[in-house]
Chemist: 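Here it is, the structure, as structure tokens.
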Number of protein chains: 2
Amino acid sequence: MALTRARIVDAGHALLREQGLAGLTMRRVAQELGVAPGALYYHVANKQELLAEVAGRILADLPAPAEPRAAAQELRKALLRVRDSAELVSFVRAFRPAALGAERDLPLVFRELRADRARWAADTLVHFVLGFVAEEQNRAELVRLGILPDDGVDPGAAFGYGVDAIVAGLQPPPARRREASR
Amino acid sequence: MALTRARIVDAGHALLREQGLAGLTMRRVAQELGVAPGALYYHVANKQELLAEVAGRILADLPAPAEPRAAAQELRKALLRVRDSAELVSFVRAFRPAALGAERDLPLVFRELRADRARWAADTLVHFVLGFVAEEQNRAELVRLGILPDDGVDPGAAFGYGVDAIVAGLQPPPARRREASR
DNA sequence: ACCTGAACACCGTTCAAGT
DNA sequence: ACCTGAACACCGTTCAAGT
């Protein structure tokens with residue numbers, strides 16, 4: 001079975017899901033594929049490039065956003081499927097600005113709300129989601145390591161509260177507001 | 001000069017400021033202090049504990065928040081003084097929940113706005129700030145490495161836009177709203 | 001073209017031994 | 001009590017050499 005870029009990304013994706021960012025090393029990817037570590041560098045320039053590719057996989061099958069609150073919920077759901085993914089996506093967003101999955105189309109949704117600042121509005125919501133889920137996943141890792149007890153609290157309610165507030169605040173200014181929620 | 005916990009944290013803080021998270025290693029901290037790496041472990045349990053202490057330093061001299069928007073601006077300003085600090089603070093928040101600096105007092109500010117959900121409201125704002133600044137700092141690191149060109153765009157305006165929207169959305173529900181901004 | 005073997009310059013952490 | 005020296009089990013990346 002030939003070593004390909006796709007197989008390397010698959011192995012990286014699986015490793016991230018199962019072991020988190022600490023378990024996603026070039027050497028382990030190589031081991032998983034039964035090749036020497038150096039072999040990876042024939043198909044991938046460096047670890048950063050692999051991480052970018054894996055981040056793409058995580059957001060690949062996000063449904064096209066129809067409404068901001070649903071989009072935020074879907075984004076969180078996709079992130080929670082893979083350990084440490086919020087941190088990774090934040091990192092990759094820094095050099096692939098907003099070209100990730102259906103998150104890319106979020107400004108289109110906000111265009112109807114406020115055509116002037118659709119990009120800023122979408123980024124505001126996304127930054128909240130990433131900040132929220134990053135902390136959520138960091139805590140989950142600490143619980144897994146036995147450093148923190150599982151307090152059994154579901155963060156979903158706090159998340160929904162934040163999303164509702166932000167989407168409400170992103171509506172056009174109070175002066176000419178029409179159908180705030182729907 | 002005796003090796004103390006405080007001197008170790010100082011060295012870690014300096015290293016983070018100057019070299020970022022990648023430059024903050026136990027071995028470099030030891031080198032900076034002229035001791036063997038193992039010596040650190042007599043004063044600090046592990047790297048994680050050192051990171052938590054450094055995060056405390058970063059937020060130590062935040063002014064007490066009087067108003068949400070000012071608090072968000074101050075938090076961003078404090079974070080931007082130290083490379084990679086948003087990621088670090090997010091990590092530390094996961095196991096020292098909201099015990100960091102004056103950020104701790106933010107719920108008090110929101111209590112006047114909506115006593116019911118002061119904690120969630122404060123966290124919503126903080127998660128946005130951390131998500132925003134994390135991406136901002138990740139981008140800055142990539143520019144420093146020459147991987148990304150400096151596009152010269154000031155993120156301050158986008159940040160202010162997001163903060164304004166979120167704080168507006170965090171007001172009590174539209175039905176009984178009084179003096180939304182002041 | 002594609003991969004191996006071996007190396008280089010690093011990591012965090014532990015621990016016997018010294019003082 | 002406090003620190004050194006040396007080791008252990010790792011990293012990402014490079015590169016001559018093989019096929």
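Note: hydrogens, waters and symmetry copies are ignored here, and every other heavy atom, side chains too, is used. Everything numeric in this text was worked out from a predicted model, so none of it was measured. To find a chain, count down the sequence lines: A is the first, B the second, and so on, and within it residues start at 1.
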Chemist: Please examine the side chains of R83(A) and L16(A), heavy atoms only from C-beta on, and report whether any two atoms are closer than 4.5 Å.
Modeler: no

Chemist: Between R28(A) and A45(A), name the one whose nearest nucleotide on DNA chain D is closer to the 5' end.
Modeler: R28(A)

Chemist: Can you tell me the distance, in whole Å, between the CG atom of L24(B) and the C1' atom of dC11(C)?
Modeler: 13 Å

Chemist: Rounded to the nearest Å, what distance is computed from the CG atom of residue L33(A) to the P atom of nucleotide dC2(C)?
Modeler: 16 Å

Chemist: Counting side-chain heavy atoms from CB outward, which of dG12(D), dG12(C), dT4(C) is closest to R27(B)?
Modeler: dG12(C)

Chemist: For L21(B) and dC11(C), give me the distance from atom CG to atom C1', rounded to whole Å.
Modeler: 14 Å

Chemist: Which of the following nucleotides, dC3(D), dT13(C), dT13(D), is nearest to the side chain of N46(A)?
Modeler: dT13(D)

Chemist: Does dA1(D) have its OP1 or OP2 closer than 4.0 Å to a side-chain nitrogen or oxygen of H43(B)?
Modeler: no

Chemist: Atom OG1 of T124(B) and atom CZ of F128(A): how far apart are they, to the nearest 0.5 Å?
Modeler: 4.5 Å

Chemist: Which of the following nucleotides, dG12(C), dC3(C), dT4(D), is nearest to the side chain of A39(A)?
Modeler: dC3(C)

Chemist: In Å, rounded to the nearest 0.5 Å, how long is the span from CD of E136(A) to CG of N138(A)?
Modeler: 10.5 Å

Chemist: Taking only N and O in the side chain of Y41(A), is any of them less than 4.0 Å away from OP1 or OP2 of dT13(D)?
Modeler: yes

Chemist: G38(B) or L40(A): which one's nearest nucleotide on DNA chain C is closer to the 5' end?
Modeler: L40(A)

Chemist: Roughly how far, to the nearest 0.5 Å, is CZ of F110(B) from CZ of R119(B)?
Modeler: 11.0 Å

Chemist: In the structure shown, which nucleotide is the Watson-Crick or G-U wobble counterpart of dA16(C), with both distances under 3.5 Å?
Modeler: dT4(D)

Chemist: If we call it a pair only when both distances are under 3.5 Å in a Watson-Crick or G-U wobble match, what pairs with dC10(C)?
Modeler: none

Chemist: Round to a whole Å and report the spacing from CE of M26(B) to C1' of dC10(D).
Modeler: 16 Å

Chemist: Grab the CD-P distance between Q31(B) and dA9(C) for me, whole Å please.
Modeler: 15 Å

Chemist: Mind calculating the distance between CG (L50(A)) and C1' (dT13(D)) to the nearest angstrom?
Modeler: 14 Å

Chemist: Without decimals, in angstroms, what is the distance between R5(B) CZ and dA1(D) P?
Modeler: 18 Å

Chemist: Please determine whether side chain to side chain contact (heavy atoms under 4.5 Å, CB included) holds for the pair H127(B) and R93(B), giving the CA-CA distance in whole Å, both sets of side-chain angles, and the decisive distance to 0.1 Å.
Modeler: CA-CA 10 Å; H127(B) 285 140; R93(B) 265 179 64 97; 3.6 Å; yes

Chemist: From the set dA1(D), dT13(C), dT4(D), return the single nucleotide nearest to any side-chain atom of A36(B).
Modeler: dT4(D)

Chemist: In whole Å, what separates the C1' atom of dC11(C) from that of dA7(D)?
Modeler: 14 Å

Chemist: Would you mind telling me which residue lines up with the more 5' stretch of DNA chain D, G34(B) or Q48(A), judged by nearest nucleotide?
Modeler: G34(B)

Chemist: I need the CG-P distance between L15(B) and dC11(C), as an integer number of Å.
Modeler: 10 Å

Chemist: At less than 4.0 Å, is any side-chain N or O atom of Y42(A) found next to OP1 or OP2 of dC3(C)? Yes or no.
Modeler: no

Chemist: Indicate yes or no: at least one non-hydrogen side-chain atom of W120(B) is less than 4.5 angstrom from one of P107(B).
Modeler: no

